[in-house]
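Note that this is a predicted model, so its numbers are computed, not measured.
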Amino acid sequence: QVQVVESGGGLVQAGGSLRLSCVASGSIFSINAMGWYRQAPGKQRELVASITSGATTDYADSVKGRFTIPRDNARNTVYLQMNSLKLEDTAVYYCKISATADRGSTRVYYDYWGQGTQVTVSS
């Protein structure tokens, strides 16, 4: 049982910054990777940024140089720092935690998703 909760979404003016937070809790044995995805209406969900347990990061070309994905392992928290926001960044942002967790009497590896948080960039 793992719970994933995102926060920090909202409306921001183009060129501004926003910081999303994602906190994982529950019967976590280990976290293998954390990432942020986004989905705009009529479009496929896409990877925005991810970070592995070894601190290897991956960014979508569209956000590279503008977004970063800091983490706080002690708090099971990952952030998405978004700078120089563009209208095209408007989407629902989802946090994904790839973790090994205790589920009942078994230990499973699974992708746990947050509920999503809306980010709207205005002109």
Side-chain heavy atoms nearer than 4.5 Å, only ILVMFWY residues, links allowed to pass through others: does that put [X] and [Y] together?
{"X": "Tyr79", "Y": "Tyr93", "answer": "no"}
{"X": "Val78", "Y": "Phe29", "answer": "no"}
{"X": "Leu80", "Y": "Val121", "answer": "yes"}

> Hydrophobic cluster mates of Val92, side-chain heavy atoms under 4.5 angstrom, ILVMFWY only, any path?
Replying inline: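 Result for Val92 is Tyr37, Leu47, Tyr94, Trp113.
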To the nearest 0.5 angstrom, please state how far the [atom1] atom of [X] sits from the [atom2] atom of [Y].
{"X": "Ser50", "Y": "Lys96", "atom1": "OG", "atom2": "NZ", "value": "8.0 Å"}
{"X": "Leu87", "Y": "Thr120", "atom1": "CG", "atom2": "OG1", "value": "10.5 Å"}
{"X": "Ile31", "Y": "Ile97", "atom1": "CD1", "atom2": "CD1", "value": "5.5 Å"}
{"X": "Ile51", "Y": "Trp36", "atom1": "CD1", "atom2": "CH2", "value": "13.0 Å"}

Got a list of side-chain donor-acceptor pairs under 3.5 Å for residues 13-23, not counting sequence neighbours?
unit_1, atom_1, unit_2, atom_2, d
Ser17, OG, Asn83, OD1, 2.9
Arg19, NH1, Gln81, OE1, 2.9

>> Assess the residue pair Val119 and Met82 against the criterion (side-chain contact (heavy atoms from CB on, under 4.5 Å)); give the C-alpha distance rounded to whole Å, side-chain angles, the decisive distance to 0.1 Å, and a yes or no.
In response: CA-CA 10 Å; Val119 173; Met82 303 182 290; 4.0 Å; yes
Ignoring hydrogens and geometry, is there a side-chain-to-backbone donor-acceptor pair from [X] to [Y] under 3.5 Å?
{"X": "Gln115", "Y": "Val5", "result": "no"}
{"X": "Arg103", "Y": "Ser27", "result": "no"}
{"X": "Glu46", "Y": "Arg38", "result": "no"}
{"X": "Thr68", "Y": "Pro70", "result": "no"}

> Excluding sequence neighbours, so at least two apart, what forms side chain to side chain contact (heavy atoms under 4.5 Å, CB included) with Ser84?
Replying inline: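 Ser84 satisfies side chain to side chain contact (heavy atoms under 4.5 Å, CB included) with Arg66 once adjacent residues are dropped.
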>> Could you report the tightest heavy-atom contact between Ala99 and Ile28, atom names first, then the distance?
In response: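 Heavy atoms only, the tightest pair is CB-CG2, 4.5 Å.
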>> Run the side-chain contact (heavy atoms from CB on, under 4.5 Å) test on Tyr110 and Val2 for me, step by step, so that the C-alpha distance in whole Å, both residues' side-chain angles and the decisive distance to 0.1 Å come before the verdict.
In response: CA-CA 10 Å; Tyr110 194 71; Val2 175; over 6 Å; no
>> Check this for me: Tyr109, atom OH, are more than 12 non-hydrogen atoms of other residues, nucleotides or ligands nearer than 6.0 Å?
In response: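 Enclosed.
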> Under 6.0 Å from the CZ atom of Arg45, do we count more than 12 heavy atoms belonging to anything else shown?
Replying inline: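 Check passes, neighbour count above 12.
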>> Go through it in stages, so that I can follow the logic: the residues are Gln118 and Thr90, the test is side-chain contact (heavy atoms from CB on, under 4.5 Å), and I'd like the CA-CA distance, side-chain angles, deciding distance and then a yes or no.
In response: CA-CA 8 Å; Gln118 176 71 46; Thr90 295; 4.0 Å; yes
>> Between Asn32 and Ser53, does the side-chain hydrogen bond (donor to acceptor under 3.5 Å, both in side chains) criterion hold? Intermediate values first, please.
In response: CA-CA 5 Å; Asn32 297 311; Ser53 60; 5.1 Å; no
>> Would Asn73 and Met34 count as a side-chain contact (heavy atoms from CB on, under 4.5 Å) here? Give the steps.
In response: CA-CA 10 Å; Asn73 289 338; Met34 297 179 284; 4.1 Å; yes
